[in-house]
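In this text, all values refer to a predicted model and were calculated from it rather than measured experimentally. Because only heavy atoms are used, hydrogens play no part in the values below, and waters and symmetry mates are left out as well, while side chains stay in.
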Amino acid sequence: MSEWNLLTLVGADRPGIVARVTRVLYEFGCNLGEASMTRLGGNFAIMLMVSSARSPGEILDALKPVAETLGLRIHLDPSTGGLHQHLTPNVQVRVFGADRAGIVAEVTEILAAQGFNILELDSDVAGESNRPLYIMNIQGYSDQTLESLIEALAPLAARGISIDVTPVDLLIG
Amino acid sequence: MAILKVLKLPDPRLKQVSAPVESFDQAVRDLVADLEETRLAGPAAVGIAAPQVGVLRRIIIVDVSTRPKTPNHGHLVLINPEILHWEGFAIGREGCLSVPDYTGNVIRATHIRLRAQDLDGVEHLYEMEGFEARAVQHEMDHLDGLLFVDRVVSRRTDLYRRQVHQPAVFPRVKAQ
Ligand SMILES: [Zn+2]
């Protein structure tokens with residue numbers, strides 16, 4: 001019985017990381033599921049669902065040579081959820097503001113207090129280097145009305161952070 | 001009337017270009033009735049295209065009238081539809097009866113001018129916006145063998161929405 005695991009690999013970005021890691025997994029007989037891979041700073045981060053009839057220890061051993069060659073740190077966690085646990089976001093929150101400490105915590109604490117479940121969060125720093133602008137895009141699921149989320153976030157808006165709360169309309173066709 | 005079987009990816013028929021409807025006969029009416037019954041039988045779909053049930057003809061149904069606060073033209077049977085003009089773009093989340101258990105972000109024009117025939121073969125012009133325009137573009141893609149998964153953009157793309165996107169991501173005006 002093969003189990004799903006969440007495989008995390010992080011290391012300095014260089015060409016060929018994805019190809020070499022997935023080649024090893026393929027040749028070891030692993031199945032790949034959902035994945036999120038991105039360059040953050042100078043690092044490349046891979047989060048990948050992997051299933052195999054082999055044990056987690058055997059998967060880690062198989063990856064060890066390539067990880068050492070490429071300078072990647074590996075982590076493997078058993079996944080209880082498995083695949084196809086997709087939750088569809090119904091609310092999007094976009095945040096723009098002068099970059100400063102605490103902005104993420106302040107926004108997400110308010111959302112958490114509203115019972116907002118964050119499904120995806122992307123952020124970036126834009127603008128000139130002496131006047132950086134923080135940009136954050138959150139998609140999540142909320143039982144609250146848009147109005148109540150907007151009202152809860154209003155104190156931040158009053159402090160110069162631009163916050164835009166919009167519905168995510170899912171179209172099925 | 002019958003509920004038809006909806007083709008699912010990777011059925012190769014979903015990747016084919018559908019042929020125009022030339023005779024507006026009872027067979028087309030029967031097909032549209034079955035298509036509508038099939039649309040209503042599944043998960044809250046706002047549209048359906050004939051190739052999704054394996055009939056490679058340029059027929060779609062779109063109805064966003066049940067959604068609150070959504071500008072719309074009611075229940076539409078659009079035969080041989082053509083987009084004459086489009087404007088603006090927006091990212092929105094889409095799913096498809098033919099692609100179970102997956103949704104993704106897709107860029108679509110926000111305003112379109114559309115020409116299509118009805119069940120009697122009479123031509124109509126429509127100005128559409130927002131969700132209705134998106135639904136029509138999604139369904140028209142099916143007529144050209146395209147699925148929304150062919151157009152999915154990165155989650156991160158939305159961060160850069162203020163940049164100008166090339167119109168190349170929009171659907172072709174007309175399938176020749
Ligand atoms: Zn579809």
(request) Starting at CD1 of B:I91, measure out to CD of A:Q92 and round the result to the nearest 0.5 Å. (result)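 If I round to the nearest 0.5 Å, the distance is 8.5 Å.
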
(message) Would you compute the distance between atom CD1 of A:I172 and atom CZ of B:R39 and round it to the nearest 0.5 angstrom?
(response)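 Going from CD1 on A:I172 over to CZ on B:R39, the span is 12.5 Å.
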
(request) Return the minimal non-hydrogen interatomic distance between A:L170 and B:F131, and the atom names on each side. (result)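 Looks like O-CZ, 3.8 Å.
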
(message) How close do B:H142 and A:G173 get, counting heavy atoms only, and between which atoms?
(response)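 Here B:H142 and A:G173 meet closest at NE2-O, 4.0 Å.
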
(message) Can you pull out every side chain to side chain donor-acceptor pair (under 3.5 Å) where at least one residue sits in residues 11-20 of chain B? Sequence neighbours excluded, please.
(response)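 Every pair satisfying side chain to side chain donor-acceptor pair (under 3.5 Å) with a residue in residues 11-20 of chain B: B:D11-B:R13, B:K15-B:D150.
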
(message) Heavy-atom pairs under 4.5 Å with chain A: which of B:R67, B:E139, B:H138 has the most?
(response)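 Between B:R67, B:E139, B:H138, the count favours B:H138.
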
(message) I need the residue from B:T103, B:V62, B:I48 with the largest number of non-hydrogen atom pairs under 4.5 Å to chain A.
(response)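 The candidate making the most pairs under 4.5 Å is B:T103.
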
(request) List the steps, then state whether side-chain contact (heavy atoms from CB on, under 4.5 Å) holds for A:L171 with B:V46. (result) CA-CA 7 Å; A:L171 181 150; B:V46 292; 3.9 Å; yes

Around atom [atom1] of [X], are there more than 12 heavy atoms from other residues, nucleotides or ligands closer than 6.0 Å?
X: B:Q26; atom1: CD; result: yes
X: A:R131; atom1: CZ; result: no
X: B:E37; atom1: CD; result: yes

(request) Check whether B:A44 gets within reach of chain A through its side chain, its backbone, both or neither, counting any heavy atom under 4.5 Å. (result)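 Contact with chain A: backbone only.
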
(message) Using the rule that Ile, Leu, Val, Met, Phe, Trp and Tyr join whenever any side-chain heavy atoms are under 4.5 Å apart, tell me whether B:L4 and B:L143 fall into a single cluster.
(response)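 Per the 4.5 Å side-chain linkage, B:L4 and B:L143 are not co-clustered.
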
(request) Determine, using the 4.5 Å side-chain heavy-atom cutoff (strictly less than), whether A:I17 and A:L7 are members of one ILVMFWY cluster. (result)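 A:I17 clusters together with A:L7.
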
(request) Answer yes when A:D169 and B:R134 have at least one side-chain N-carboxylate O distance shorter than 4.0 Å, and no when they do not. (result)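 The answer is no: the pair does not qualify as a salt bridge.
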
Which pairs of donor and acceptor atoms, one on a side chain in residues 56-68 of chain A, lie under 3.5 Å apart (sequence neighbours left out)?
residue: A:E58; atom: OE1; partner: A:S55; partner atom: N; Å: 2.9
residue: A:E58; atom: OE1; partner: A:S55; partner atom: OG; Å: 3.4

